[in-house]
Amino acid sequence: MRALEVVDLVKEFPTGYNLPPNRVIEDISFEMDMGDRMAIIGPNGCGKTTLLKTLATIYLPDSGSIKLFSQDMLKHRSRARKTFSFVSPSLNFQSKLTLSQTISYFATVLQKPPEIVIPFLKRTNLYKMWNSRIESFSEGQKAILRLALGFLKQPKILFLDEVVANLDVSRKESVINIIEEMEAYQDLTLVMVDHDPYVVDRLCSKILVLKGNGTVHSVSSVSDLMNKLHYNFSVDVTLKSDIPDSKALSISKAMRKNNLKVRYFAEDEKNLKSIINKLISLGPIIQEFTTSSVSMRDVYYLLFEGGLDEGDV
Ligand SMILES: Nc1ncnc2c1ncn2[C@@H]1O[C@H](COP(=O)(O)OP(=O)(O)OP(=O)(O)O)[C@@H](O)[C@H]1O
Ligand SMILES: [Mg+2]
């Protein structure tokens, strides 16, 4: 069953009297089946949050349609809102309320039993704060609370805007495991914006890549996207002192350089060996280097800054 069908979506923001609007979302179409988990990635300011907010009916689109479980979401906004949660880092709390009071308040508003989120709070180690005021919470603990409130609604669709980004490694792992394991979430359709390749790899089966101009670059599976990057290996180099770009480029043209850090991309093992040999021949100017497989974190560079042609993905 289709959970979400987005057709020709356009969202503009006014820029001032007599000035053309800023078209942030330009004609976006995609669809998701129930249980699909999709990450939205793209450069800063390309419209990821705007797209999520439009899907969550916080913004009205200028044109296009959104169907949620085959129903026009814009015509049936209040009914639609009962079926999804939008978890945003900008959700704030009453700082003087305790965790228990905060959960009770939202449970009353949402007409759900507060007990729903207790297992989640226990797994993420937040339950120990049950009687503590929100003012004593760290940013990571507030992020867990926002997620808990997202789950409290027992949504069929969950929109997450960089919510996991603030969490430490062990909390991230708990959240990933909870979403993966919990019976109740088996049919959960997830749309998330996240920059962490590990999180995206673990949680999402599809990736929607947005371009800087608010159009869709591609919608594909994680493995298809990775396979089309042309490069399989990367070499991270730390220099002892800076070298001219021309010297760095003489080792291999597929590279990005940021002061004393250089990252090279290799297509195959032969190419990797050649880069390593050239690095060794540079001698003492190299502090250290490590090799690894290319990962989701390279997608931005390889898609947007170089390495791939438009038609490749
Ligand atoms: N409420 C608004 N009013 C006017 N312009 C807005 C509004 N919200 C976003 N924009 C503009 O829309 C564009 C896209 O912003 P958006 O926050 O969606 O990007 P993003 O991809 O989420 O970026 P980031 O990776 O930094 O979170 C930006 O140019 C931004 O200035
Ligand atoms: Mg954003």
Side-chain angles (χ1 to χ4, degrees), residues 4 6-30 32 37-66 73-74 77 81 84-92 139-140 142-147 149-150 157-167 172 175 190-201 203-204 206-220 222 225 256 258 295-306 310 313:
L4 197 61
V6 176
V7 181
D8 300 334
L9 199 69
V10 172
K11 175 66 195 159
E12 299 176 336
F13 291 111
T15 53
Y17 180 69
N18 252 355
L19 291 170
N22 177 16
R23 184 171 280 215
V24 175
I25 300 295
E26 169 89 51
D27 207 17
I28 283 185
S29 301
F30 66 91
M32 294 178 74
R37 289 166 184 177
M38 188 173 82
I40 301 173
I41 67 168
N44 286 125
C46 72
K48 302 178 294 294
T49 298
T50 304
L51 175 58
L52 273 193
K53 285 186 173 172
T54 312
L55 297 177
T57 70
I58 294 167
Y59 295 146
L60 277 180
D62 290 274
S63 61
S65 68
I66 306 170
M73 195 166 174
L74 303 169
R77 241 180 297 164
R81 281 180 184 152
F84 65 78
S85 287
F86 172 55
V87 184
S88 154
S90 57
L91 172 65
N92 282 319
E139 281 313 307
K142 284 186 201 164
I144 287 287
L145 174 54
R146 290 186 188 103
L147 268 168
L149 297 173
I157 302 192
L158 186 60
F159 298 115
L160 301 182
D161 192 5
E162 298 200 45
V163 177
V164 192
N166 260 333
L167 305 182
K172 249 182 209 186
V175 169
L190 178 71
V191 186
M192 69 187 301
V193 175
D194 203 287
H195 293 287
D196 185 335
Y198 179 68
V199 175
V200 170
D201 257 352
L203 278 182
C204 299
K206 272 182 173 178
I207 310 265
L208 186 149
V209 182
L210 277 186
K211 289 200 280 190
N213 59 359
T215 57
V216 175
H217 180 286
S218 56
V219 184
S220 54
V222 176
L225 188 60
R256 61 196 302 194
N258 191 358
S295 71
M296 280 290 305
R297 78 183 159 126
D298 299 312
V299 165
Y300 288 100
Y301 170 72
L302 294 171
L303 289 183
F304 298 113
E305 293 171 41
E310 278 294 298
V313 178

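Start at 1 and go down the list; that is how both ligands and their atoms are numbered. Computed from a prediction, not measured in an experiment: that's the story for all the values here.
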min-distance protein heavy atom vs atom 10 (N) of ligand 1 -> F13 CE1, 3.4 Å
Between the main-chain N or O of V7 and the side-chain N or O of S29, is there a donor-acceptor pair closer than 3.5 Å? no
So how far is it from K53 NZ to L60 CG, rounded to the nearest 0.5 Å? 14.0 Å
Residue, atom name and distance, where the atom is the protein heavy atom closest to atom 26 (O) of ligand 1: N44 ND2, 3.2 Å
For residues S88 and R146, is any side-chain donor paired with an opposing acceptor at under 3.5 Å? no
Gap separating the NZ atom of K172 from the CD1 atom of I144, nearest 0.5 angstrom: 11.0 Å
Candidates K53, K48, E162; heavy atom nearest atom 21 (O) of ligand 1 found on K48
Look only at interatomic distance and state if V24 has a nitrogen or oxygen under 3.5 Å from any nitrogen or oxygen of ligand 1. no
Quick one: nearest non-hydrogen protein atom to atom 15 (O) of ligand 1, plus distance? T50 OG1, 3.8 Å
Would you indicate which of T15, T49, I40 comes nearest to atom 17 (O) of ligand 1 when only heavy atoms are counted? T49
Would T49 count as a contact for the Mg ion (ligand 2), in the sense that one of its N, O or S atoms lies under 2.8 Å from it? yes
Is at least one protein non-hydrogen atom found at under 4.0 angstrom from atom 23 (O) of ligand 1? yes
Kindly give the heavy-atom pair with the smallest separation between C46 and L210, and that separation in Å. SG-CB, 3.7 Å
Considering heavy atoms of the protein only, find what lies nearest to atom 1 (N) of ligand 1 and give residue, atom and distance to 0.1 Å. Y59 OH, 3.1 Å
Using 0.5 Å steps for rounding, measure from the CG atom of L225 to the CD1 atom of I41. 6.0 Å
Is K11 positioned over the aromatic face of Y59, cation under 6.0 angstrom from the ring centre and no more than 45 degrees off axis? yes
Closer than 4.0 Å and a protein heavy atom, does any atom meet both conditions relative to atom 30 (C) of ligand 1? no
Can you tell me how far apart OG (S218) and NZ (K211) are? Round to the nearest 0.5 Å. 9.5 Å
Between G45 and ligand 1, is there a nitrogen or oxygen pair with a distance under 3.5 Å? yes
